[in-house]
Amino acid sequence: AGASVYDAALEAFCADEDFWQRWQVVGCGRPAEDMAGKPMTIQVVVDMSGISLMTAPREWTPGPGSQPASSSRGAQALPPDTLVSLSLMSLQDARDILAEQRMRTGRTDPSCLWLEDALRTKDGGARPSTVRAKQKVRKAGGAATSATGVARLSREMEAELFLLDGK
């Protein structure tokens, strides 16, 4: 399928409010892999509370009202026999994918930004920042806020700096 037909299919799928409500669609996006020689596929995240992923449809055809009146991207109108494959994932699977990416690389892969946006919309929050390493917490034989604890930490830090400068 050509890119413009795919763009029209994606735009029409995004506009199909009846389908989104019935199957509790949270978001959709392009597959990460190359689409050349493959059937048109749209990745879809669904909120599985109350329905089984096994009962959700794996294909979508545009119905009346699913095609926008005017295409914002200039995509062509879909042929009436258009059949689009749906690659479904649950909300939890989407969260797991993003968490694994952030843990491994510290950021979200650009091909999955649509997924991050869908979860942010669902959860009503801001885009998460990059993962930061946890700070090492030191205990100074009790509360570090006491005067002796602070002095002890200061001496330890000075000693570490001296050792680093000496190398």
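All values below come from the heavy atoms of this structure, side chains included, with hydrogens, waters and symmetry mates left out.
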Any chance you could lay out the side-chain contact (heavy atoms from CB on, under 4.5 Å) test for I97 and M89, step after step, and finish with the verdict? CA-CA 10 Å; I97 288 168; M89 73 176 79; 3.9 Å; yes

Relative to the ring of F19, is the ring of W60 parallel (under 30°), tilted (30 to 60°) or perpendicular (over 60°)?
perpendicular

| query | Given the rule in the side-chain contact (heavy atoms from CB on, under 4.5 Å) test, do Q101 and E116 qualify, once you have shown the distances and angles that lead to the verdict? | reply | CA-CA 11 Å; Q101 283 183 0; E116 188 174 68; over 6 Å; no

For T82 and T61, the nearest pair of non-hydrogen atoms, with its separation, is O-CG2, 3.3 Å

Output for pair (R30 CZ, D7 CG), nearest 0.5 Å, gives 4.5 Å

On a heavy-atom basis, the closest approach of M40 and A9 is SD-CB, 3.8 Å

Only one of P110, C112, S111 passes side-chain contact (heavy atoms from CB on, under 4.5 Å) with T108, and that residue is C112

Taken to the nearest 0.5 Å, the spacing of D47 CG from K122 NZ works out to 4.0 Å

For I42 and C28, the nearest pair of non-hydrogen atoms, with its separation, is CG2-CB, 3.8 Å

Rounded to the nearest 0.5 angstrom, the CG-CG distance for D93 and L98 is 11.0 Å

message = Between W20 (side chain only) and F13 (backbone N and O only), is there a donor and an acceptor less than 3.5 Å apart?
response = yes

Separation between OG1 (T41) and OH (Y6), nearest 0.5 Å, reads 7.0 Å

dist W114:CH2 -> L119:CG (nearest 0.5 Å) comes out at 8.5 Å

Heavy-atom nearest pair, P57 first then L86, reads O-CD1, 3.8 Å

